[in-house]
Amino acid sequence: MRPMQKTPQTSLLKWYARRGRHTLPWRNTRDPYRIYLSEIMLQQTQVATVLERFYFPFLEKFPTLLHVAQAPLDEVLKQWEGLGYYTRARNLHHTAQACKGQLPTTIEALIALKGIGRSTAHAIGAFAFGIAVPILDANVRRVLHRYFGIESRDEKGLWAAAYALLDTQHPYEYNQAMMDLGAMVCIKSTPKCDDCPLHEACIGKESNPLAYPAPKPKKSAPTHHLALLVYRHEGRLGLVQRTTRLLQGLWGFVQAPIDNAIEGVYLGRVSHQYSHFGIEGEVRLIDGWVEGLEWFEVEALETLALSTLDHKILACYLAQ
DNA sequence: CAACCGTGGCG
DNA sequence: TCGCCAAGGTT
């Protein structure tokens with residue numbers, strides 16, 4: 001057996017063997033469901049959040065994909081409460097039912113499922129089924145931008161780079177290593193180029209790592225001023241299950257534009273920031289029954305999935 | 001295809 | 001304090 005050549009891939013895998021995050025629970029299972037669940041939870045969400053607050057409780061409640069499929073959507077949303085991007089939970093439930101608790105094993109079939117795009121399909125393919133395809137998450141993107149000196153965020157160029165660097169013999173280790181490298185060494189603000197196994201041929205290191213990728217143009221987020229209405233009737237609170245795209249399926253308090261005829265007793269102010277707008281709201285208590293709401297004892301609210309804003313409103317009410 | 005979709009941590 | 005953004009996908 002001839003000695004292994006020194007390639008970016010071998011350097012990367014050697015680094016990964018020593019410094020990789022090998023204790024992550026979704027790296028210590030062959031269960032496609034557990035890998036799939038981690039990939040969905042981790043979309044646009046930091047590892048620590050998923051690891052410390054959501055992954056294990058969800059698996060405790062739903063040990064298999066079939067458990068997800070057979071559960072009411074409301075229970076899945078309740079387990080997702082606080083994690084955000086709730087479409088992920090609704091797609092997870094839909095996909096569990098669509099594939100009857102058994103995930104398909106090809107990239108084409110995975111990508112056809114709701115909530116699974118190209119990168120997630122590749123991640124499941126590589127991590128659960130050993131398919132030789134690259135992933136393109138935020139960590140890998142940053143490594144590729146810098147390594148190849150790519151300023152443009154153009155998708156085609158990044159996928160081409162991803163395939164160019166992929167170690168087709170070790171897709172599992174390679175992809176995990178690239179994510180760890182992006183998360184631990186090739187980090188956004190202060191990359192540790194001295195510790196990087198790819199530093200020899202890295203274009204970003206030779207110039208300025210922070211120039212890759214080119215910074216995004218920033219967009220301003222508007223603020224909406226709302227009345228946040230806590231309806232109360234015979235000791236119960238009136239809520240609605242939202243049907244809007246935002247927070248669909250979650251329960252919450254009625255929101256109304258602030259105009260010249262604000263009812264109720266002022267309870268306080270709450271503010272909340274979403275990705276693309278903010279809410280400055282004043283919480284008001286209104287005693288009386290109105291149509292179109294469902295009424296719950298305060299204790300019963302614990303069984304409902306509420307958004308973080310609605311938890312703030314509830315806390316404001318309970319503080320009185 | 002640019003906007004939309006949640007939340008929390010960090011500099 | 002505040003803008004940025006993280007194991008992205010959908011419309």
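Note that these values count all heavy atoms, side chains included, but never hydrogens, waters or copies made by symmetry. Chain A is the first sequence line, chain B the second, and so forth, proteins listed ahead of strands; every chain is numbered from 1.
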*asked:* Let me check something: do A:L267 and A:I313 share a hydrophobic cluster, defined by ILVMFWY side-chain heavy atoms less than 4.5 Å apart, either directly or through other members?
replied: yes
*Take atom CD in A:Q102; do more than 12 heavy atoms of anything else shown fall under 6.0 Å from it?*
no
*For A:L83, answer base if it contacts any base atom (sugar-phosphate contacts may also be present), sugar-phosphate if it contacts only those atoms, and nothing otherwise; contact means non-hydrogen atoms under 4.0 Å.*
base
Distance between [atom1] atoms of [N] and [M] (Å, rounded):
N     : M      : atom1 : value
B:dG6 : C:dT11 : P     : 13 Å
C:dA7 : B:dC10 : P     : 13 Å
B:dC5 : C:dC2  : P     : 23 Å
B:dC1 : C:dG8  : C1'   : 15 Å

Given atom [atom1] of [X] and atom [atom2] of [N], what is their separation to the nearest angstrom?
X      : N     : atom1 : atom2 : result
A:R88  : B:dT7 : CZ    : P     : 10 Å
A:L51  : B:dG8 : CG    : P     : 17 Å
A:L306 : B:dG6 : CG    : P     : 14 Å
A:I279 : B:dG6 : CD1   : P     : 12 Å
A:E81  : B:dG8 : CD    : P     : 11 Å
A:L246 : B:dA3 : CG    : P     : 17 Å

*Any A:H276 side-chain N or O less than 4.0 Å from OP1/OP2 of B:dG6*: no
*asked:* At less than 4.0 Å, is any side-chain N or O atom of A:T308 found next to OP1 or OP2 of B:dT7? Yes or no.
replied: yes
*Does the ring centre of A:H272 sit less than 6.0 Å away from the ring centre of A:Y274?*
yes
*Could you list the residues that satisfy side-chain hydrogen bond (donor to acceptor under 3.5 Å, both in side chains) with A:Q70, not counting sequence neighbours?*
none
*Toward the 5' end of DNA chain B, which comes first, A:F277 or A:T49, by nearest nucleotide?*
A:F277
*Are any of the side-chain nitrogens in A:K192 or A:D195 under 4.0 Å away from the carboxylate oxygens of its partner?*
no
_Contact pattern, 5' to 3', of nucleotides 1-11 of chain C - B, S or - by protein heavy atom under 4.0 Å_ = ---SSBBBSS-
*asked:* Just so I know, are the side chains of A:Y16 and A:M178 near enough to count as touching, which here means a heavy-atom distance under 4.5 Å?
replied: no
_For A:W26, the option from A:Y33, A:Y36, A:F127, A:Y55 that meets ring-ring contact (aromatic ring centres under 6.0 Å, His included)_ = A:Y55
